[in-house]
Amino acid sequence: MSDRDYQEQEEIFSKVVRAGRRTYFFDVRATKADDYYLTITESKKFTNDDGSFHFKKHKIYLYKEDFQEFGDTLKEITDFIIDKKGGEVISDRHQSDYKREEPAPIATETAATNPTESFTDISFDDI
């Protein structure tokens, strides 16, 4: 069997998740005994000062006997994070192109009863 035949036999099913500079690869592979296991690969793109780039990859091998506990624990941990911190991705605020959505001004009782009265909008970031 050639290396190409072995590689095609080894990769059974794949899915890709793109997430900004990261890409996650979920690959079902076959062992020499023709059993299946999962590899999860994180690939992150890094740009050098000269404009060239390279990727760093990290890989996890997950075998069938660990699927149930791994899946249960992953769900428990992700539920905990969402419950405690919500779904907002706070690290997005640190991106150079981040634009904060400004909330609509809150109408005060005075403004509602006397719309000609002006007010000053103060941001604590300006102080």
Side-chain angles (χ1 to χ4, degrees):
M1 181 182 300
S2 72
D3 287 342
R4 180 183 163 104
D5 292 337
Y6 181 73
Q7 185 177 6
E8 287 177 7
Q9 179 185 5
E10 186 182 10
E11 292 185 24
I12 310 301
F13 181 74
S14 295
K15 293 292 243 178
V16 177
V17 175
R18 299 194 194 297
R21 293 183 344 181
R22 290 181 175 88
T23 302
Y24 300 97
F25 299 91
F26 296 82
D27 299 305
V28 176
R29 299 185 181 267
T31 65
K32 289 180 182 179
D34 200 32
D35 201 2
Y36 291 170
Y37 65 98
L38 170 66
T39 62
I40 303 171
T41 306
E42 175 201 39
S43 178
K44 187 172 180 183
K45 184 177 183 178
F46 289 90
T47 305
N48 301 318
D49 292 338
D50 66 359
S52 64
F53 57 88
H54 67 280
F55 295 92
K56 287 189 180 178
K57 295 182 180 183
H58 299 92
K59 190 173 283 204
I60 296 172
Y61 294 85
L62 190 60
Y63 299 92
K64 289 191 307 187
E65 60 268 22
D66 302 321
F67 286 177
Q68 186 66 50
E69 187 173 355
F70 185 91
D72 292 346
T73 303
L74 179 62
K75 173 128 179 62
E76 179 182 353
I77 294 297
T78 55
D79 288 349
F80 172 84
I81 292 169
I82 298 299
D83 182 53
K84 297 295 182 191
K85 294 295 181 179
E88 179 189 11
V89 180
I90 296 170
S91 61
D92 284 348
R93 295 180 193 170
H94 303 287
Q95 300 297 322
S96 60
D97 60 349
Y98 175 74
K99 290 184 177 52
R100 181 176 175 198
E101 292 183 25
E102 295 294 328
I106 300 173
T108 63
E109 186 176 316
T110 306
T113 57
N114 187 357
T116 59
E117 188 171 315
S118 65
F119 66 93
T120 302
D121 187 10
I122 299 175
S123 169
F124 287 103
D125 293 337
D126 296 336
I127 297 178

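Residue numbers start at 1 and run along the sequence shown.
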Student: Compute both the distance and the angle, then confirm whether Lys45 meets the cation-pi test with Phe53: under 6.0 Å from the six-membered ring centre, within 45 degrees of the axis.
Tutor: yes
Student: Got a sec, which pairs hit ring pair (Phe, Tyr, Trp, His ring centres under 6.0 Å) with one end in residues 56-80, sequence neighbours left out?
Tutor: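 Checked against ring pair (Phe, Tyr, Trp, His ring centres under 6.0 Å) - neighbours excluded - the pairs reaching residues 56-80 are Tyr37-Tyr63.
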Student: Evaluate whether atom CG of Asp49 has more than 12 neighbouring non-hydrogen atoms of other residues, nucleotides or ligands under 6.0 angstrom away.
Tutor: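 No.
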Student: How far apart are the closest heavy atoms of Ser14 and Asp27, and which atoms are they?
Tutor: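 What the structure gives for the nearest pair is OG-OD1, 2.6 Å.
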Student: Do Phe13 and Phe26 sit in one hydrophobic cluster, given that two such residues count as connected whenever their side-chain heavy atoms are within less than 4.5 Å of each other, even indirectly?
Tutor: no
Student: Tyr36, Phe25: one ILVMFWY side-chain cluster at the under-4.5 Å cut-off?
Tutor: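 Shared cluster, no.
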Student: What distance do Glu69 atom CD and Leu74 atom CG have between them, rounded to the nearest 0.5 Å?
Tutor: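 Rounded to the nearest 0.5 Å, the CD-CG separation comes to 12.5 Å.
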Student: Group every Ile, Leu, Val, Met, Phe, Trp and Tyr by side-chain heavy-atom contacts under 4.5 Å, then state whether Ile40 and Val28 land in the same group.
Tutor: no
Student: Counting N and O atoms only, with roles assigned by atom type, does the side chain of Asn48 sit under 3.5 Å from a partner on the main chain of Asp50, one being a donor and the other an acceptor?
Tutor: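 Side chain of Asn48 to backbone of Asp50, a donor-acceptor pair under 3.5 Å: no, none is there.
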Student: Can you name the one residue among Arg22, Lys59, Lys56 that meets salt bridge (charged side-chain N to carboxylate O under 4.0 Å, His left out) with Glu42?
Tutor: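 The salt bridge (charged side-chain N to carboxylate O under 4.0 Å, His left out) with Glu42 is passed solely by Arg22 among Arg22, Lys59, Lys56.
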Student: So, taking the atom named CZ in Arg29 and the one named CG in Asp35, what distance separates them when rounded to the nearest 0.5 Å?
Tutor: 15.0 Å
